[in-house]
Amino acid sequence: FQIDTVECHFTLSPMATRVVSTLQVSRNPEAKSTPANLILDGEKLRLIGVKLDGNDLNTDQYDINDVALTINNVPDQFTLNIETEIDPETNTSLEGLFLSSGNFCTQCEAEGFRKITYYLDRPDVMSVFTVTMEADKLQFPVLLSNGDLVDSGDLADGKHWAKWHDPHKKPCYLFALVAGDLSLTKDHYTTT
């Protein structure tokens with residue numbers, strides 16, 4: 001299988017970050033004879049729900065274990081929505097999404113994206129990523145991801161959001177997200 005586009009929506013919270021990923025999936029044309037099951041990598045994720053082409057999947061339509069989510073009998077092209085919850089605060093592996101000095105950070109190389117959402121976490125899977133983040137504005141005033149800032153704004157309850165789009169296909173190990181109280185310090189230095 002290949003994943004043409006990825007849209008991830010992060011509701012950032014130190015102990016319970018929600019990640020909703022929308023994947024446009026198609027069968028690799030060179031692999032028509034393979035089984036019709038899609039096996040996605042995933043570690044330390046709490047699965048909330050799965051939808052295939054907008055329809056909720058029952059637990060008999062997928063299998064889940066500590067390292068993978070298998071969607072049974074998928075068509076050749078489909079949209080897959082996966083909602084997971086992760087705990088960045090207790091993630092001390094420095095892979096996936098974690099907290100460092102009070103800031104959200106990601107490290108996905110070589111196989112860290114599987115700790116963010118279920119995915120084909122391999123370097124040969126090239127996708128276009130769109131990322132939306134929402135977080136507390138005072139605690140996390142800067143929201144960054146790959147690509148270009150498309151839009152941003154304020155939400156209720158002191159939160160804000162930002163949407164980033166990277167038009168260039170990339171493997172998931174190049175995915176990056178940073179949210180925190182970051183600042184820019186400028187100075188100059190004249191050599192002797």
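The basis for the numbers below is simple: all heavy atoms, side chains too, and nothing from hydrogens, waters or symmetry mates.
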Check whether any side-chain heavy atom of [X] lies under 4.5 Å from a side-chain heavy atom of [Y], and answer yes or no.
{"X": "Ile82", "Y": "Tyr119", "value": "no"}
{"X": "Val74", "Y": "Val25", "value": "no"}
{"X": "Leu120", "Y": "Ser127", "value": "no"}
{"X": "Arg46", "Y": "Arg18", "value": "yes"}
{"X": "Leu38", "Y": "Phe78", "value": "yes"}
{"X": "Thr132", "Y": "Glu7", "value": "no"}

Rounded to the nearest 0.5 Å, what separation is found between the [atom1] atom of [X] and the [atom2] atom of [Y]?
{"X": "Cys108", "Y": "Lys115", "atom1": "SG", "atom2": "NZ", "answer": "10.5 Å"}
{"X": "Leu45", "Y": "Glu43", "atom1": "CG", "atom2": "CD", "answer": "8.0 Å"}
{"X": "His9", "Y": "Thr117", "atom1": "NE2", "atom2": "OG1", "answer": "13.0 Å"}
{"X": "Cys8", "Y": "Met133", "atom1": "SG", "atom2": "CE", "answer": "10.5 Å"}
{"X": "Trp161", "Y": "Thr11", "atom1": "CH2", "atom2": "OG1", "answer": "13.0 Å"}
{"X": "Tyr62", "Y": "Thr70", "atom1": "OH", "atom2": "OG1", "answer": "12.0 Å"}

Decide whether [X] and [Y] are clustered together by the hydrophobic rule: side chain heavy atoms of Ile, Leu, Val, Met, Phe, Trp, Tyr closer than 4.5 Å, transitively.
{"X": "Leu177", "Y": "Leu149", "result": "yes"}
{"X": "Phe1", "Y": "Ile39", "result": "no"}
{"X": "Val131", "Y": "Val20", "result": "no"}
{"X": "Val50", "Y": "Ile64", "result": "yes"}
{"X": "Val67", "Y": "Val125", "result": "no"}

Verify, without hydrogens or angle tests, whether [X] (side chain) and [Y] (backbone) share a donor-acceptor contact under 3.5 angstrom.
{"X": "Asn65", "Y": "Ala68", "value": "yes"}
{"X": "Ser93", "Y": "Glu95", "value": "yes"}
{"X": "Asn58", "Y": "Asp60", "value": "no"}
{"X": "Gln107", "Y": "Glu109", "value": "yes"}
{"X": "Asn37", "Y": "Asn73", "value": "yes"}
{"X": "Asn103", "Y": "Asp181", "value": "yes"}
{"X": "Asp121", "Y": "Arg114", "value": "yes"}

Write down the atom of [X], the atom of [Y], and the distance for their closest heavy-atom approach.
{"X": "Ile116", "Y": "Thr84", "result": "O-OG1, 3.5 Å"}
{"X": "Pro75", "Y": "Arg27", "result": "O-NH2, 4.2 Å"}
{"X": "Leu155", "Y": "Glu134", "result": "CD1-CB, 3.8 Å"}
{"X": "Pro88", "Y": "Pro14", "result": "CD-O, 3.1 Å"}
{"X": "Asp154", "Y": "His160", "result": "OD1-CB, 3.7 Å"}
{"X": "Arg122", "Y": "Asp124", "result": "NE-OD1, 2.9 Å"}

Can you name the ring pair (Phe, Tyr, Trp, His ring centres under 6.0 Å) partners of Phe104, sequence neighbours left out?
Phe140
How about CE on Met126, more than 12 heavy atoms from neighbouring residues, nucleotides or ligands closer than 6.0 Å, or not?
yes
Applying side-chain contact (heavy atoms from CB on, under 4.5 Å) to Ile86 and Lys44, what does each step give before you reach the verdict?
CA-CA 7 Å; Ile86 54 180; Lys44 300 187 185 298; over 6 Å; no
Does Phe113 form a side-chain contact (heavy atoms from CB on, under 4.5 Å) with Thr106? I'd like the steps, not just the answer.
CA-CA 9 Å; Phe113 196 72; Thr106 57; over 6 Å; no
Using the rule given for side-chain contact (heavy atoms from CB on, under 4.5 Å), can you reason through Val178 versus Val142, listing the C-alpha separation, both sets of side-chain angles and the distance that settles it, and then say yes or no?
CA-CA 8 Å; Val178 176; Val142 178; over 6 Å; no
So if I apply the side-chain contact (heavy atoms from CB on, under 4.5 Å) rule between Thr22 and each of Val6, Thr79, Thr5, which one comes out positive?
Thr79
Testing Asp87, Leu12, Asn91 one by one against Thr17 for a side-chain contact (heavy atoms from CB on, under 4.5 Å), which residue passes?
Leu12
Ion pair Asp157/Lys159, N-O distance below 4.0 Å
no
For residues 167-176, run the donor-acceptor check on the side chains, cut-off 3.5 Å, and write out each pair with its distance to 0.1 Å, sequence neighbours left out.
residue : atom : partner : partner atom : Å
Lys170  : NZ   : Asp166  : OD2          : 3.1

Report the C-alpha separation of Leu143 and Ser152 in whole Å, then their side-chain angles, then the decisive distance to 0.1 Å, and conclude whether the side-chain contact (heavy atoms from CB on, under 4.5 Å) test is met.
CA-CA 9 Å; Leu143 304 173; Ser152 63; over 6 Å; no
